[in-house]
Amino acid sequence: MNAPDKAVGAAPAWSPEPGHAGDLIRLKRLLEGSAGRFALIFAAYNRPAYRDNLIASLSPAQPSSGTAVVLDANTLTNLTGLEGWLQHHGEETSPLHLVGLDQWLAHDERRPQGLERIQGFNRHRDFLASLCQRPLVLWLLEHQIRDFARHAPDAWEWRAGVLDFKVQMPVTPLAMPQRLDLVVADREQRQARLSELRAFLASHDGQLSDRDRAALWDETGDLAEQLGEWKEAQTAFEQAQAACERLDDRRGAARVHSKMARIHWQRGEPEKALAELQTADGVFDALGDVRGRAFTQGQLADILEVRGQLDEALRIRTEEELPVYERLGDVRSMAITQGKIADILQARGQLDEALAVLHQAAAAFAKLGNTARLAHVRQLQEAISKA
């Protein structure tokens, strides 16, 4: 087997960022103190060239432990490939720097192997440690270090150090597209806004922070959904969700899960829709977000009502959704929910009860000055009265 590695030579004329001096000293001490034995070190970075210079700068400080070796994970097919490499080279005393992990460990719905490899580190940690009698430095993006802590907790417990070598990136302010008011925008305006977002993201996605990226992809998904572009909406929401996960924004990710549920439902995938809702509901529950839970419970009731499960839909509306809006004093959401309760009661033939609930909703919309919804409620009242 040809070893896919390269020896790091003498460092060029280069100096690290002043803010990294402390972590660089710590790394040198960890490598020198761990020569000839396994030590797992996590190093965060965001610029490959800077990372390479850091690694090169370490070699002269380790004459007793040999020249550091860099191994590109992308030359390995899987975790078994890493184990095979270590069987040939793991007993050398020089430090091993594993790079290329930003791609090798990347994971989403289309690339599950990245997460499988992280979890594999957890399952194979004893075997890897027995093969690797040298300090092992994993060069990772910041969110991937969080992935390790979350998905490989046992391997994470073995860490000898977590170091930060991220470089402050110069940011050129972007002229962000002004968000469209979807309440008053007509179809033509929404289509124009969607085209604007497509062009902006195609040109500037790589320059955006994850916070802005999540917001713009989320809006793109909302617009695409409203225009009936289900496939585009799903892709946009997946991008927004990935950005939220990198930010460790659990609430934002849960909101996107609830939107993905709508898309799956529209595409005739009810089981996927229910799975998305369960995920979102679980996160909102863990966060103590009662409004978020009420919203997802309302979506669940929508699905159950369409499927003819009227008793359970009514229970959710009256016991799980409406009381939350009452406690929050959210009159608008209360009135909307009351309208949906009236729909279920009408479908069950309970016309008097439906009219009583619609009377409450009409009073709320009148108080709010929402003439459009008030007119709709009065039409329902008239139709039920004539039935």
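Hydrogens, waters and symmetry mates are skipped; everything else that's a heavy atom, side chains included, is used. Source: prediction; values computed, not measured. Residue numbers count from 1 along this sequence.
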Qualifying residue, where the test is side-chain contact (heavy atoms from CB on, under 4.5 Å) with Ile341 and the options are Asp343, Leu345, Ile344 = Leu345
request  = List in chain and number order the residues that pass salt bridge (Lys or Arg N to Asp or Glu O under 4.0 Å) with Arg307, two or more places apart in sequence or in another chain; answer none if no residue qualifies.
outcome  = Glu271
inquiry  = Between Tyr45 and His20, is the ring-ring contact (aromatic ring centres under 6.0 Å, His included) condition met? List the steps.
reply    = CA-CA 11 Å; Tyr45 82 102; His20 294 158; over 10 Å; no
ask   = Partners of Arg26 by side chain to side chain donor-acceptor pair (under 3.5 Å), sequence neighbours excluded?
value = Asp23
task = Going by the side-chain contact (heavy atoms from CB on, under 4.5 Å) test, name the single residue among Ile25, Leu24, Leu31 that passes it with Lys28.
result = Leu24
inquiry  = Among residues at least two apart in sequence or on other chains, which ones pass salt bridge (Lys or Arg N to Asp or Glu O under 4.0 Å) with Lys259?
reply    = Asp218, Asp222
What side-chain donor-acceptor pairs closer than 3.5 Å can you find for residues 358-373, not counting sequence neighbours?
{"unit_1": "Gln360", "atom_1": "OE1", "unit_2": "Gln338", "atom_2": "NE2", "d": "3.3"}
{"unit_1": "Asn370", "atom_1": "OD1", "unit_2": "Arg373", "atom_2": "N", "d": "3.2"}

message = Check this for me, if you would: do Asp154 and Arg123 make a salt bridge, where the nitrogen-to-carboxylate-oxygen distance has to be below 4.0 angstrom?
response = no
request  = Please lay out, stage by stage, how Arg317 and Thr337 fare under the test side chain to side chain donor-acceptor pair (under 3.5 Å).
outcome  = CA-CA 7 Å; Arg317 296 276 190 221; Thr337 304; 5.9 Å; no
inquiry  = Holding to salt bridge (Lys or Arg N to Asp or Glu O under 4.0 Å), I want the full list of residues that pass it with Arg291, two or more places apart in sequence or in another chain.
reply    = Asp330
query = Looking at Lys386, Arg378, Gln379, which one forms a side chain to side chain donor-acceptor pair (under 3.5 Å) with Glu382?
reply = Lys386
ask   = Is a side-chain donor or acceptor of Arg150 paired with a backbone partner of Asp147 at a separation under 3.5 angstrom?
value = no
Distance-only donor-acceptor hits, side chain of residues 308-316, under 3.5 Å, sequence neighbours excluded:
{"unit_1": "Asp311", "atom_1": "OD1", "unit_2": "Arg348", "atom_2": "NH1", "d": "2.4"}
{"unit_1": "Glu312", "atom_1": "OE1", "unit_2": "Arg315", "atom_2": "NE", "d": "3.2"}
{"unit_1": "Glu312", "atom_1": "OE2", "unit_2": "Arg315", "atom_2": "NE", "d": "3.3"}
{"unit_1": "Glu312", "atom_1": "OE2", "unit_2": "Arg315", "atom_2": "NH2", "d": "2.9"}
{"unit_1": "Arg315", "atom_1": "NH1", "unit_2": "Glu319", "atom_2": "OE1", "d": "3.4"}
{"unit_1": "Arg315", "atom_1": "NH1", "unit_2": "Glu320", "atom_2": "OE2", "d": "3.3"}

